[in-house]
Undergrad: 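Below are the structure tokens for one structure; questions will follow.
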Amino acid sequence: MSVPVAQSRAGENLRLLNVHAHPDDESSKGAATTLKYVAQGARVMVATCTGGERGSVLNPKMDRPEIWENLTEVRRHEMETAREILGVEHRSLGYVDSGLPEDPTEQLPDGCFGLTDPVEAAAPLVRIIRSFRPQVMTTYDENGGYPHPDHIQCHRVSVAAFRMAADPTALPDAGPAWQVSKLYYQVGFHRARFAALDDAMDEAGLGRPYAERLAGWDNHDYELRVTTRVPCGEYFERSDDALRAHASQIDPDGFWFEVPIEIRRRAWPTEDYQLVYSAVPTRMPERDLFAGLRVGEKAPDPADTWII
């Protein structure tokens, strides 16, 4: 089946904006989807809210004093390497990482992203949206995907910017208003996916790497959020390369690579999303973030169309 060309019904190039909290998030969440759309000729931009300045060195092979002392520059270089692998454009909002407190009652550091006013912090993202003019935008859900303060704040800022960018009375000096046609939350970290991968590993005689994680998984219904599964298994190798580019954050022998690519392709060859806003008709379940937007695409039958 041929894929419609990477142009919108308005005759413009398709454009996707992925908003993330830290460098490395763009490679651990939705990277194969990104690679797929870049290969189709779409423009993809990553907007990173913080520089990851308060992150830890999570790769034991790089846990050295010179890495810790220069972590900001190390992570900037890693992001540039990953950007080249993914073939995306990149913008940073310039906020300072909040860190991840071990004690949830611990006060976040002054001046960090997690303590900014979401509406005020949305201003640079509004400028990016109005300049780049994406038809599709992805971000995190209200829980941040996981409860890191910067991920939760990324959700708040993204939703505020999504609304403000379309309002001509908001930040009138930030360029002409632009309505993003579709907004998605990334929901790839759900139990059904990890259970399928765990079963496939067991069937291959490779054990159950996620058994402990699955036993403690208390949200069994999260996968019900999924509206859109993007087939992208052929890009898993390249997306792994982008993730490994964040060498200070990713242990090449760790969690991210426990399941061989051939098993991942067979057991769960998609990346998953929740459509939370659409200005165009689209048929559920979707297999394309640009569904309803491509030139030459057959319009969905109104009888089986869910318009959000």
Side-chain angles (χ1 to χ4, degrees), residues 16-22 24-37 44 46-49 86 100 134-162 180-200 210 213-214 216-233 235-236 239-240 242-243 255-256 258-259 264-265 267-280 282-293 306-308:
L16 168 63
L17 175 64
N18 298 323
V19 187
H20 290 286
H22 311 105
D24 79 57
D25 289 326
E26 85 296 327
S27 296
S28 62
K29 303 166 189 67
T33 300
T34 290
L35 286 160
K36 176 176 183 170
Y37 289 131
V44 182
V46 170
T48 306
C49 295
L86 294 172
L100 182 59
Q135 294 94 356
V136 176
M137 176 174 161
T138 72
T139 187
Y140 311 144
D141 67 17
E142 66 279 3
N143 299 309
Y146 83 108
H148 188 298
D150 286 339
H151 282 246
I152 295 170
Q153 184 74 327
C154 178
H155 160 79
R156 295 169 178 158
V157 168
S158 296
V159 171
F162 171 83
V180 179
S181 296
K182 300 178 81 176
L183 176 66
Y184 289 90
Y185 295 158
Q186 295 187 356
V187 290
F189 289 91
H190 57 76
R191 193 180 192 281
R193 174 173 172 262
F194 281 89
L197 294 172
D198 202 60
D199 287 344
Y210 301 133
R213 175 183 291 267
L214 290 166
W217 207 300
D218 58 2
N219 186 350
H220 288 227
D221 298 327
Y222 196 71
E223 56 263 29
L224 298 179
R225 286 176 171 248
V226 177
T227 63
T228 309
R229 303 186 191 277
V230 179
C232 51
Y235 298 100
F236 284 171
S239 65
D240 281 359
L243 190 54
F255 163 82
W256 295 103
E258 287 181 294
V259 180
R264 287 158 52 196
R265 284 177 176 149
W268 206 276
T270 68
E271 291 180 335
D272 304 338
Y273 301 83
Q274 178 188 6
L275 178 63
V276 292
Y277 173 86
S278 181
V280 296
T282 182
R283 181 186 294 115
M284 297 294 175
E286 295 180 319
R287 292 169 60 83
D288 180 10
L289 300 184
F290 290 103
L293 290 166
W306 174 22
I307 303 176
I308 294 183

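All figures in this text were calculated on a predicted structure; none of them were measured in a lab.
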Undergrad: To the nearest 0.5 Å, what is the distance between CG (Asp25) and CG (Leu243)?
TA: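 Rounded to the nearest 0.5 Å, the CG-CG separation comes out at 10.0 Å.
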
Undergrad: Within a strict 4.5 Å, meaning less than it, do heavy atoms of the Ser239 and Leu35 side chains meet?
TA: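 Side chain of Ser239 against side chain of Leu35, heavy atoms only: contact under 4.5 Å found.
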
Undergrad: Is any side-chain heavy atom of Glu258 less than 4.5 Å from a side-chain heavy atom of Tyr210?
TA: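 Yes. Closest side-chain heavy atoms under 4.5 Å.
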
Undergrad: Side chain to side chain contact (heavy atoms under 4.5 Å, CB included) between Lys29 and Thr138: does it pass, once the steps are laid out?
TA: CA-CA 10 Å; Lys29 303 166 189 67; Thr138 72; over 6 Å; no

Undergrad: Could you please spell out the steps behind the side chain to side chain contact (heavy atoms under 4.5 Å, CB included) verdict for Leu86 and Ser27?
TA: CA-CA 8 Å; Leu86 294 172; Ser27 296; 4.0 Å; yes

Undergrad: Using every non-hydrogen atom in the two residues, find where Ser158 and Met137 come nearest and quote the distance to one decimal.
TA: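 Looking at all heavy atoms of both residues, the shortest contact is O-CE, 3.4 Å.
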
Undergrad: Using the ring pair (Phe, Tyr, Trp, His ring centres under 6.0 Å) criterion, which residues pair with Tyr235? Sequence neighbours excluded.
TA: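 Expected list: none.
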
Undergrad: Does Thr282 reach the side chain of Lys182, with side-chain heavy atoms less than 4.5 Å apart?
TA: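 Yes, side chains in contact.
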
Undergrad: On the ring face of Phe194, is Arg213 found with NZ or CZ under 6.0 Å from the centre and within 45° of the axis?
TA: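 Judged by the rule (NZ or CZ under 6.0 Å from the ring centre, within 45° of its axis), Arg213 counts as positioned above Phe194.
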
Undergrad: From Leu16 CG over to Tyr184 OH, what is the distance, rounded to the nearest 0.5 angstrom?
TA: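 Here the interatomic distance stands at 10.0 Å.
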
Undergrad: For Phe236 versus Thr270, what's the shortest heavy-atom pair and its separation?
TA: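 In this case the closest contact between Phe236 and Thr270 is CZ-N, 4.4 Å.
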
Undergrad: Is any side-chain heavy atom of Arg193 less than 4.5 Å from a side-chain heavy atom of Glu223?
TA: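 In short, these two side chains do not touch, never coming nearer than 4.5 Å.
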
Undergrad: Parallel, tilted or perpendicular, judged at 30° and 60°: which one describes the rings of His22 and His148?
TA: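 Geometry flag for His148 against His22: perpendicular rings.
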
Undergrad: Using ring pair (Phe, Tyr, Trp, His ring centres under 6.0 Å) as the criterion, list what pairs up with Tyr222, not counting sequence neighbours.
TA: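 Per chain and number, Tyr222 pairs via ring pair (Phe, Tyr, Trp, His ring centres under 6.0 Å) with no residue.
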
Undergrad: Please check if any side-chain donor atom of Tyr37 sits under 3.5 Å from a side-chain acceptor atom of Asp288, or the reverse.
TA: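 Indeed, the side chains of Tyr37 and Asp288 share at least one donor-acceptor pair under 3.5 Å.
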
Undergrad: Is there a side chain to side chain contact (heavy atoms under 4.5 Å, CB included) between Thr139 and Leu183 once you walk through the steps?
TA: CA-CA 8 Å; Thr139 187; Leu183 176 66; 4.3 Å; yes

Undergrad: Name the one of His155, Arg156, His20 that satisfies side chain to side chain donor-acceptor pair (under 3.5 Å) with Tyr140?
TA: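 The single option meeting the side chain to side chain donor-acceptor pair (under 3.5 Å) with Tyr140 is His20.
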
